[in-house]
Amino acid sequence: QVQLVESGGGLVQAGGSLRLSCARSGRTFSHYDMGWFRQAPGKEREFVAVISWSGDNTHYADSVKGRFTISRDNAKNLVYLQMNSLKPEDTAVYYCAADRRLTESSYAGDYDYWGQGTQVTVSS
């Protein structure tokens, strides 16, 4: 079993930055791809970014490409999402998730474990 806990959310003005963290406990962390997803009120959960277990490969949603950066520290069992140039449309609950199949997937159904989410609110 893997437990994931997100932190770092909050209220920020448009153009500002936040860094989200996801701490893992449980099974060996390194052999999971790690993804970030988000869900705004009244909308479906959507893919934000994914990083391979080695950290060598990353993929981003077009809406965040060039503004967000995903990274991981396997020694510390942490994954990060650095969010710059934030926009009001980035407002959502952000979730980290772990995929043991190593598919580097953008599909939420491919992920096995989820955190409880952290709220990010961007004011205009």
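- Within a 6.0 Å radius of NZ in K43, no more than 12 heavy atoms belonging to other residues, nucleotides or ligands are found.
- By the 6.0 Å and 45° rule, R38 does not stack over the aromatic ring of Y95.
- Between Q119 and A92, the closest heavy-atom pair is NE2-O, 3.4 Å.
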CA sep, side-chain torsions, deciding dist, call: Y32, Y113, side-chain contact (heavy atoms from CB on, under 4.5 Å): CA-CA 10 Å; Y32 293 88; Y113 304 103; 3.9 Å; yes
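- Between the side chain of R24 and the backbone N or O of G26, at least one donor-acceptor pair lies under 3.5 Å.
- Although no hydrogens or angles enter the test, the distance criterion places no donor-acceptor pair under 3.5 Å between the side chain of T118 and the main chain of E6.
- One distance of note links OG of S124 with CD of E89; it measures 10.0 Å at 0.5 Å rounding.
- No continuous path of hydrophobic side-chain contacts links V79 to F47 [ILVMFWY only; heavy atoms under 4.5 Å].
- The shortest side-chain heavy-atom distance between H59 and S106 does not fall under the 4.5 Å cut-off.
- Side-chain atoms of R72 and N77, non-hydrogen and from C-beta on, never get closer than 4.5 Å to each other.
- When all heavy atoms of Y111 and A97 are compared, the closest pair comes out as CD2-CB, 3.5 Å.
- One distance of note links OG1 of T103 with CG of D110; it measures 4.5 Å at 0.5 Å rounding.
- Under the 3.5 Å distance criterion, with hydrogens and angles disregarded, no donor-acceptor pair is assigned to the side chains of S123 and Q13.
- Counting all heavy atoms, side chain and backbone alike, G9 lies closest to L20 at N-CD2, 3.6 Å.
- Annotation for L86 and V12: closest pair CD1-CG1, 3.6 Å, computed over non-hydrogen atoms.
- Under the 4.5 Å side-chain heavy-atom criterion for ILVMFWY residues, no single connected hydrophobic cluster contains both V50 and V2.
- The two residues N84 and S17 have their closest heavy-atom pair at OD1-OG, 2.9 Å.
- Minimum interatomic distance between A49 and Y60 (heavy atoms only, all atoms of both residues): CB-CD2, 3.6 Å.
- Note that CG of L11 is 9.0 Å distant from CG of L18, once rounded to the nearest 0.5 Å.
- Side-chain contact check for Y80 versus I70: every heavy-atom pair is 4.5 Å or farther apart.
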CA sep, side-chain torsions, deciding dist, call: S71, Q82, side-chain contact (heavy atoms from CB on, under 4.5 Å): CA-CA 8 Å; S71 61; Q82 177 67 45; over 6 Å; no
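- With rounding to the nearest 0.5 Å, the separation of CG in D99 from OG in S105 is 6.5 Å.
- Side-chain contact between V120 and T91: absent, with no pair of heavy atoms (C-beta onward) separated by less than 4.5 Å.
- Atom-to-atom distance recorded for R19:CZ and S7:OG is 9.0 Å, nearest 0.5 angstrom.
- Partner W114 forms a ring-ring contact (aromatic ring centres under 6.0 Å, His included) with one of W36, F37, Y94 and no other, that one being F37.
- In summary, K87 and D90 do not engage in a salt bridge, as defined by a charged side-chain N under 4.0 Å from a carboxylate O.
- With respect to D33 and R101, no salt bridge is recorded, no charged nitrogen being found less than 4.0 Å from a carboxylate O.
- Using a distance-only test at 3.5 Å, with no hydrogens or angles considered, a donor-acceptor pair links the side chain of D73 to the main chain of K76.
- Remark: R100 fails to qualify as a cation-pi partner of W53 under the 6.0 Å distance and 45° angle criteria applied to the six-membered ring.
- Separation of atoms CE (M34) and CG (N74) is listed at 9.5 Å; rounding is to 0.5 Å.
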